[in-house]
Amino acid sequence: MRVEVFDDYAGLSQRASDLVAGLIRTNPASVLGLPTGSTPEGFYTALCRSGASFQGVRTFNLDEYVGLPREHAQSYYTFMKQHLYDHVDLPPEQAHIPNGMAPDLEAECRRYEETLRAAGGLDVVVLGIGLNGHIGFNEPGAAWDAPTHPVMLAQATREANARFFGSLEAVPTRALTMGIGTILRAHRILLLASGSAKAEIVKRTVEGALSISVPATALQSHPNVTVLVDRAAAGMLSSVA
Ligand code: GLP
């Protein structure tokens with residue numbers, strides 16, 4: 001894993017954008033795996049300003065809540081519309097998010113995985129990280145070879161995300177997520193983390209033992225991972241001065 005440390009959130013966001021925009025310029029038909037959450041907001045702002053054309057790009061989001069209509073204020077579709085889709089020339093049919101309202105969730109996951117496979121797989125996947133080490137919605141204990149699948153959200157994750165919903169009860173209990181197997185098949189992985197609250201999980205991810213109880217440690221087994229962190233998130237890394 002390569003670790004790049006930036007003075008602040010703006011620096012890591014710009015770097016993530018530069019890397020992805022550069023990839024799109026090199027290959028205008030790039031296939032991107034994309035995250036949601038607070039951490040990537042700055043990355044999306046910079047990416048929308050980069051001037052890169054998304055005309056030939058295909059995007060696949062990591063995850064979506066089960067049971068929220070697309071138009072719900074907290075759906076990941078709405079997040080993507082606000083942070084990316086409304087600001088770039090990405091054709092709507094090339095923007096993919098699992099459908100958490102599908103009548104057959106298992107079938108929806110198989111369809112999603114097949115659409116991704118038909119697109120040629122992910123050239124790059126950008127990840128945030130949960131405080132418990134989840135990536136996408138792969139919670140502690142998730143299998144490292146799993147494809148896209150339905151999951152129950154960990155209580156800690158629902159509590160962390162309650163701030164967006166106004167109350168814990170309003171947070172969905174289930175989601176659809178790319179599996180760790182799907183993520184590990186990407187050619188390149190960028191992991192973004194910001195702030196001192198993430199310092200401990202960043203340390204465990206980069207320097208800790210591989211463990212299925214810390215899903216992000218699976219990334220240590222991938223040959224092309226870049227971790228972009230600000231000084232606060234890098235605060236507990238022994239390898240960083
Ligand atoms: C959510 C998302 C993850 C994200 C995580 C961290 O649960 N499913 O993909 O990485 O939250 O979010 P934040 O960046 O807001 O800390």
Side-chain angles (χ1 to χ4, degrees), residues 6 8-10 12-13 16-17 32-47 59-68 72-80 82-84 96-98 100 109 112 122 124-142 146 148-166 168 170-180 182-184 186 189-202 204-206 214-219 225-230 232-234:
F6 298 85
D8 54 22
Y9 175 67
L12 83 87
S13 300
S17 166
L32 312 180
L34 295 176
T36 50
S38 314
T39 309
E41 287 181 4
F43 154 68
Y44 286 121
T45 303
L47 190 61
T59 66
F60 288 83
N61 267 73
L62 285 161
D63 47 16
E64 179 59 284
Y65 290 110
V66 166
L68 294 190
H72 189 284
Q74 295 307 329
S75 77
Y76 286 165
Y77 173 83
T78 297
F79 177 99
M80 291 306 294
Q82 290 171 345
H83 291 90
L84 185 72
H96 304 274
I97 300 188
C109 290
Y112 197 70
L122 298 169
V124 65
V125 60
V126 183
L127 303 173
I129 184 167
L131 291 170
N132 63 1
H134 73 240
I135 47 177
F137 268 135
N138 293 283
E139 300 284 17
T148 302
H149 63 292
V151 291
M152 295 296 296
L153 297 180
Q155 183 68 5
T157 299
R158 295 186 63 237
E159 284 166 8
N161 291 358
R163 68 190 192 277
F164 300 116
F165 286 84
L168 179 58
V171 183
T173 54
R174 291 185 299 160
L176 305 182
T177 185
M178 279 187 199
I180 295 176
T182 321
I183 291 169
L184 292 178
I189 298 175
L190 303 180
L191 178 70
L192 318 185
S194 166
S196 55
K198 298 280 173 76
E200 187 179 345
I201 194 60
V202 166
R204 294 179 75 185
T205 299
V206 175
V214 185
T217 60
L219 303 177
V225 179
T226 307
V227 180
L228 305 178
V229 281
D230 57 18

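Note that ligands are numbered from 1 as they come in the structure, with each ligand's atoms numbered from 1 the same way. Values below: all heavy atoms of this structure, side chains included; hydrogens, waters and symmetry mates excluded. If you're wondering where the values come from, they're calculated on a predicted model, not measured in any experiment.
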Ligand 1 atoms nearer than 4.0 angstrom to some heavy atom of H134 are 1 (C), 3 (C), 5 (C), 7 (O), 11 (O)

Show your working on side chain to side chain contact (heavy atoms under 4.5 Å, CB included) between L176 and V66 and close with a plain yes or no.
CA-CA 7 Å; L176 305 182; V66 166; 3.9 Å; yes

Note: Y65, heavy atoms under 4.0 Å from ligand 1, region reported as neither

At under 4.0 Å between heavy atoms, what of N161 touches ligand 1? The answer is side chain

Applying side chain to side chain contact (heavy atoms under 4.5 Å, CB included), run through L127 and L219 and close with a yes or a no. CA-CA 11 Å; L127 303 173; L219 303 177; 3.9 Å; yes

What verdict does the side chain to side chain contact (heavy atoms under 4.5 Å, CB included) test give for Y76 and F137, after you've listed the backbone C-alpha separation in whole Å, the side-chain angles of each residue and the deciding distance to 0.1 Å? CA-CA 12 Å; Y76 286 165; F137 268 135; 3.3 Å; yes

For this session: Take the angle between the ring planes of F165 and H72 and call it parallel below 30°, perpendicular above 60°, tilted in between.
Result: tilted

Any heavy atom of S38 under 4.0 Å from ligand 1? The part involved is both

among protein heavy atoms, the one nearest atom 16 (O) of ligand 1 is K198 NZ, 2.7 Å

In this structure, atom 4 (C) of ligand 1 is nearest to the protein heavy atom T36 O, 3.9 Å

So for R163 against ligand 1, with non-hydrogen atoms under 4.0 Å, the contacting part is side chain

The closest protein heavy-atom partner of atom 8 (N) of ligand 1 is D63 OD2, 2.9 Å

min-distance protein heavy atom vs atom 2 (C) of ligand 1 -> Y76 OH, 3.6 Å

Heavy-atom proximity to atom 3 (C) of ligand 1, picking from G128, A193, A175, G136, points to G136

Value for CZ (F43) from CG (L190), rounded to nearest 0.5 Å, stands at 7.5 Å

What's the verdict on side chain to side chain contact (heavy atoms under 4.5 Å, CB included) for T177 and H149, showing C-alpha distance, side-chain angles and the deciding distance? CA-CA 6 Å; T177 185; H149 63 292; 3.9 Å; yes

Within 4.0 Å of some non-hydrogen atom of T39, the atoms of ligand 1 are 13 (P), 14 (O), 16 (O)

In this structure, CG of L62 is separated from CG of L122 (nearest 0.5 Å) by 8.5 Å

dist T59:OG1 -> M80:CE (nearest 0.5 Å) comes out at 6.0 Å

among protein heavy atoms, the one nearest atom 12 (O) of ligand 1 is G37 CA, 4.1 Å

(request) Using non-hydrogen atoms of the residue, decide whether R158 is closer than 4.0 angstrom to ligand 1. (result) no

Contact region, I129 to ligand 1, non-hydrogen atoms below 4.0 Å, reads backbone

Quick one: side chains of residues 152-161, donor-acceptor pairs under 3.5 Å with protein atoms, not counting sequence neighbours, listed by atom name and distance.
| from | atom 1 | to | atom 2 | distance (Å) |
| --- | --- | --- | --- | --- |
| Q155 | NE2 | E159 | OE2 | 3.4 |
| T157 | OG1 | H134 | ND1 | 3.2 |
| T157 | OG1 | E139 | OE1 | 3.1 |
| T157 | OG1 | E139 | OE2 | 2.7 |
| R158 | NE | V171 | O | 3.3 |
| R158 | NE | P172 | O | 3.2 |
| R158 | NH2 | L168 | O | 3.0 |
| R158 | NH2 | V171 | O | 2.8 |
| N161 | ND2 | Y65 | OH | 3.1 |

